[in-house]
Amino acid sequence: MSLFVTELRRLAKRRLTRLLLVLLLVGLATVATAFSFSSHKLSPAAVAAAQAESDAQYRQSVQDWKRTVADCEAAQARGEQTEERFGPNCGKDYQPQPDMFDPKWNLPYQFDFRAEFPTFIAVFAGAVALFAFIVGASFVGAEWNTGGMMNLLLWRPRRLAVLGTKLAALLTTVLGVGVVLGALWTAAFWLIGTSRGTTAKMTAGAWRSIGLDGLRALALVLVVGAVAFALASLGRHTAMALGAAVALFAISEVGIRIAVGVLSVPFGDRYVLSTYAQSWFLKQAELFDYDTCEFARGACEPARYVVTWQQSALVFGIGAVAALVAAFWTMRRRDIS
Amino acid sequence: MSAVLEIEGLRKTYRSRKRGVRHALDGFDMQVEAGQVHGFLGPNGSGKTTTLRTLLGLIQPNGGRMAILGQELPRALPAVAGSVGAIVESPQFFPHFSARDTLGLLARAGELPARRVDEVLELVGLRDRAGERVKTYSLGMKQRLAVASALLKNPKLLILDEPANGLDPGGIREMRRLMRELAESGMTVVLSSHILGEIQLICDSVTIISLGRRVAYGPVDEVLAAHSQNAVRVRLEAVTDLPQAAETLTRSGIRVAATEADHLMLAGVDKPAVVSRLLAEQGLYVSELTPVAVDLESVFLELTATAPVPGQHRQVDQSAKVDQTGTAGGWGA
Ligand SMILES: Nc1ncnc2c1ncn2[C@@H]1O[C@H](COP(=O)(O)OP(=O)(O)OP(=O)(O)O)[C@@H](O)[C@H]1O
Ligand SMILES: [Mg+2]
């Protein structure tokens with residue numbers, strides 16, 4: 001227990017942790033503030049005005065259409081060629097419809113909490129995951145490469161316990177930061193929703209769905225932190241985790257993309273990591289194979305492949321467990337100098 | 001007296017695909033009695049740091065037996081860790097923390113009272129600079145911090161690998177006094193150092209290691225006595241005659257231990273008069289012929305066979321190898 005508290009303090013004392021925390025706060029606050037300006041609360045009067053405007057637009061375009069048809073018919077009566085100017089059948093088939101004039105288009109953007117907050121949960125998770133990655137990697141990486149780990153092992157020779165406690169301290173800190181900032185983030189967007197947007201239809205079910213989104217976001221952040229920690233510990237250097245992450249990104253997002261493209265593997269994106277991140281947030285990611293379509297024969301439903309969030313959980317879970325097992329396994333017997 | 005530290009037949013082998021096998025420790029033995037200041041000596045690369053790291057559980061031995069305070073290592077390490085304070089070769093600390101923070105975190109991990117931190121800072125003379133970041137410290141200040149971290153636990157066994165590295169003369173003397181005081185208070189100190197004058201002054205006993213094996217051990221005066229080789233210093237009237245004199249003496253079976261710029265050092269001379277006579281016969285006249293009291297440094301150089309030879313550049317790993325079981329030290333053996 002004393003070691004756990006010590007490690008929490010060590011992490012909190014680090015300048016990098018503090019600096020990144022400030023950056024994270026400033027970054028998230030900036031995004032929320034900037035976004036709040038783009039949303040405008042719609043008064044009933046404004047909605048009515050927009051409705052009236054789109055009704056007027058509809059009537060106007062019906063009038064225009066009628067006149068054009070009349071012109072065309074007049075021309076036909078004079079025996080002129082009309083196909084080129086008015087299209088087939090004088091364009092009679094193209095009568096404007098009311099649903100082509102959505103009043104929304106005459107209104108400024110309004111933030112809809114229920115529909116759009118999940119996207120902002122993903123944005124939040126991305127930012128906190130980056131924080132978790134850098135802090136996690138450098139927490140153990142710097143310890144290794146400045147001799148701090150060795151000093152500590154002279155006091156606490158149980159190596160696995162030491163590494164495990166450090167990991168626990170890291171995850172606790174990241175979780176704490178994630179929960180507190182997540183609550184603030186939710187409050188900020190709720191505020192934007194109530195003051196400059198809409199929070200309509202927030203039923204208990206909608207809240208539960210948002211809660212689950214938040215939990216999945218936190219889980220991803222913790223996994224990222226743990227993997228960064230494991231990689232930096234394996235390589236005994238912060239840069240090792242950063243390098244591995246860059247390599248993984250390059251291989252997965254660029255290398256595999258190109259390879260499956262060249263080999264024209266159907267649903268090649270199912271081998272790309274970001275597909276799984278996407279499905280983790282959206283509960284599923286859909287991949288389409290347009291090669292199965294023969295557009296010459298008209299419209300077509302392309303073949304579909306679905307990556308579920310459970311599959312994502314499996315992929316990320318296996319990755320994290322593998323990295324952690326490797327880190328702890330090497331820690332057990334490696335020579336420390 | 002009981003042994004605080006016992007090592008028997010310790011082996012550590014480094015394998016490298018390119019260079020083959022290196023026996024850093026090759027059946028090494030060591031005993032340290034309670035309450036002593038024990039010097040741990042050996043040429044560069046002889047295995048001192050490897051021994052201490054192994055003892056502290058930082059590296060895994062390939063064989064042999066170790067015990068601290070009567071407890072078998074590495075099994076009992078968690079139990080004895082609280083009684084062993086150590087610094088290992090050029091200790092490093094997280095550069096952005098202050099000395100006080102660094103020690104504070106260690107004390108907390110070891111469940112020691114925070115007041116102990118200020119006590120050791122005072123002891124090593126860092127009190128007034130304890131709030132500054134370690135990054136800004138000089139070499140000697142870092143070394144003092146390392147000693148402070150080792151003393152923090154108030155250990156029964158204190159292991160210091162080259163603690164004097166980077167200390168100023170005052171600091172070295174203070175360290176010497178500190179070691180003595182600690183030993184008097186009942187602490188056992190194991191001290192690895194290359195400053196043999198220092199070792200001779202403060203140590204009760206020594207172990208000398210060469211190529212991973214013990215070449216000598218025991219109380220300092222016994223080691224000195226066992227190897228006092230009737231050394232004699234010879235000066236001639238003409239410095240230019242020294243090589244000829246060396247040759248003459250060697251031919252007559254007297255060992256020339258060293259040829260210096262202005263004198264020769266001879267070893268194993270029973271009767272200095274013989275030297276005088278041999279040289280006079282060759283028309284070489286002696287201007288000084290002094291029996292030299294043996295010191296630890298010359299014993300060390302002799303035992304490890306690392307005395308410099310004019311015109312040669314001794315390479316590391318060129319040192320005495322004692323025969324033991326047949327396996328040899330060094331690369332590719
Ligand atoms: N990680 C390693 N891999 C390969 N060889 C090593 C390793 N660590 C140490 N050695 C070798 O083991 C031998 C003993 O090294 P050690 O550091 O114990 O010497 P030392 O007695 O402390 O020397 P010094 O007086 O220079 O500090 C050396 O030959 C060294 O090169
Ligand atoms: Mg050494």
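Here is how names work: the chains are called A, B, and so on, in the same order as the sequence lines, proteins then strands, and each is numbered from 1. These values consider heavy atoms only, across backbone and side chains, with no hydrogens, waters or symmetry-generated copies.
Your options are A:Leu153, A:Leu152, A:Ile336, and the one with the most heavy-atom pairs under 4.5 Å with chain B is A:Ile336. Between chain A and the residues B:Leu58, B:Thr102, B:Leu152, the most heavy-atom pairs under 4.5 angstrom are made by B:Leu58. Top candidate by heavy-atom pairs under 4.5 Å with chain B, chosen from A:Arg15, A:Glu7, A:Glu143, A:Arg334, is A:Arg15. In terms of non-hydrogen atom pairs under 4.5 Å with chain B, the most contact-rich of A:Leu154, A:Asn145, A:Val5 is A:Leu154.
The residue from B:Asp26, B:Thr54, B:Asn62 that alone fulfils the side-chain hydrogen bond (donor to acceptor under 3.5 Å, both in side chains) condition with B:Arg11 is B:Asp26.
Only the side chain of B:Leu112 comes within less than 4.5 Å of a heavy atom of chain A; its backbone N, CA, C and O stay farther away. For chain B, the nearby part of A:Arg159 is the side chain; its heavy atoms alone come within less than 4.5 Å. Both the backbone and the side chain of A:Arg10 come within contact range of chain B, judged by heavy atoms closer than 4.5 Å. For A:Arg156, the part lying near chain B is the side chain, with the backbone staying farther off; criterion is any non-hydrogen pair under 4.5 Å.
Within the 4.5 Å cutoff, no side-chain heavy atoms of B:Leu41 are placed close to those of B:Ile209. Between B:His96 and A:Leu16 there is no side-chain heavy-atom pair separated by less than 4.5 Å.
Judged by the 6.0 Å and 45° rule, B:Lys12 forms a cation-pi pair with B:Tyr14.
The number of heavy-atom neighbours closer than 6.0 Å to CZ of A:Arg257, taken from other residues, nucleotides and ligands shown, is above 12.
Ring geometry for A:Phe316 against A:Tyr276 counts as perpendicular: the plane angle is over 60°, on a 0 to 90° scale with 30° as the lower cut.
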